[in-house]
Amino acid sequence: MRNKVIAGNWKMHKTNSEALQLVKALKVKTAGIKKTGMIVCPPATAISVVSDILSASPIAVGAQNLYWEKHGAFTGELSAEMILSAGATYVIIGHSERRQYFGETDDTVNRRLHRALESGLKPIVCVGERLDEREGNITEKVIETQISGALKGISGAQMKGIIIAYEPVWAIGTGKTASPEQAQEVHAFIRKWLREQYDLGTSEAVIIQYGGSVKPGNAESLLKQPDIDGALVGGACLEADSFAGIIKIAEAIN
Ligand code: PGA
């Protein structure tokens, strides 16, 4: 059985002192959590201080992006080694905001993914359709193109260590959540695709998170769906109470 995994994507929020305040509170509020995976993804500037505070805690730390080269003249980019040395063990790849504003494509997602896996970083790969694509009834086609592009050349053994986050773009930061049934339908589609490309064991092992306006108030109905194995949380992860609230809901379902 898959235990739920809740990740918080802080995006471009929190100075280092604000970051410390948040994770200290989070540590206290999640003290009793036993089965639910917990990940925080602060901005790169705070990875090191957050990792220090969380070093003896079950809360893991992730970066929000990485570059595929090991080092070199790539101003502004971060290598996997730099991220690991700062204390993070996870990395978000292909978030829709990276795709929308920073030119990320399925091909660059794939390059970053291979580099993350080679380096030992655990990837969270994001996919999701835009509103016009959902309204045009091409959601499954879009998701299939994204996952097959992102996962090109990934072996079955590697696949088991990848988290997929399904985040409909129209639900991110908008307050509009996919209904539990809408989300479950896409999650089941992704799992079926994994079964066809790999095998049953692999498809059953992969964690598929839902993301898009997840809050304590809607988390339970989403996380109760059979193929929704956790959440990638944006806005609601910026306060310890709401993020811990979602984690506790996941723990009760686990
Ligand atoms: P949101 O963001 O929860 O604020 O909608 C989710 C995400 O972008 O990962």
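Positions are given from 1 along the sequence. We count ligands from 1, going down the list as the structure has it; atoms in each ligand are counted the same way.
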Under 3.5 Å between some N or O of ligand 1 and some N or O of [X]?
X      : result
Ile172 : no
Glu167 : yes
Val233 : no

Please list the nearest protein heavy atom to atom 6 (C) of ligand 1 with its residue and the distance rounded to 0.1 Å. Gly234 N, 3.5 Å
Should you measure from each heavy atom of [X], which atoms of ligand 1 turn up under 4.0 Å away?
X      : value
Ala171 : 5 (O)
Gly235 : 1 (P), 3 (O), 4 (O)
Asn9   : 9 (O)
Gly212 : 5 (O)
Gly173 : 1 (P), 4 (O), 5 (O)
Ser213 : 1 (P), 3 (O), 5 (O)
His95  : 7 (C), 8 (O), 9 (O)

Indicate the ring-plane relationship of Tyr67 and Phe74, choosing parallel, tilted or perpendicular according to the 30° and 60° boundaries. tilted
Can you classify the ring geometry of Trp193 versus Tyr198 as parallel (below 30°), tilted (30 to 60°) or perpendicular (above 60°)? perpendicular
Result for side chain to side chain contact (heavy atoms under 4.5 Å, CB included) between Gln158 and one of Leu117, Thr202, Leu151 points to Leu117
In the hydrophobic clustering (ILVMFWY, side-chain contacts below 4.5 Å, transitive), which residues join Ile124, or is it alone? Val5, Ile39, Tyr90, Ile92, Ile163, Ile207, Leu232
Could you check whether Lys141 pairs with Glu144 (Lys NZ or Arg NE/NH1/NH2 to Asp/Glu carboxylate O, under 4.0 Å)? no
Salt-bridge present (Lys152, Asp106; N to O < 4.0 Å): no
Out of curiosity, is Ala236 lining ligand 1, as in a heavy atom under 4.0 Å away? no
Below 4.0 Å from any atom of ligand 1, is there a heavy atom belonging to Ser96? no
Donor-acceptor pair, distance only, cut-off 3.5 Å: does the side chain of Gln184 make one with the backbone of Asp227? yes
Once side chain to side chain donor-acceptor pair (under 3.5 Å) is applied, do any residues pair with Arg195, and if so which ones, sequence neighbours excluded? none
Looking only at heavy atoms, the pair that brings His114 and Gly153 closest together is CE1-O, 3.3 Å
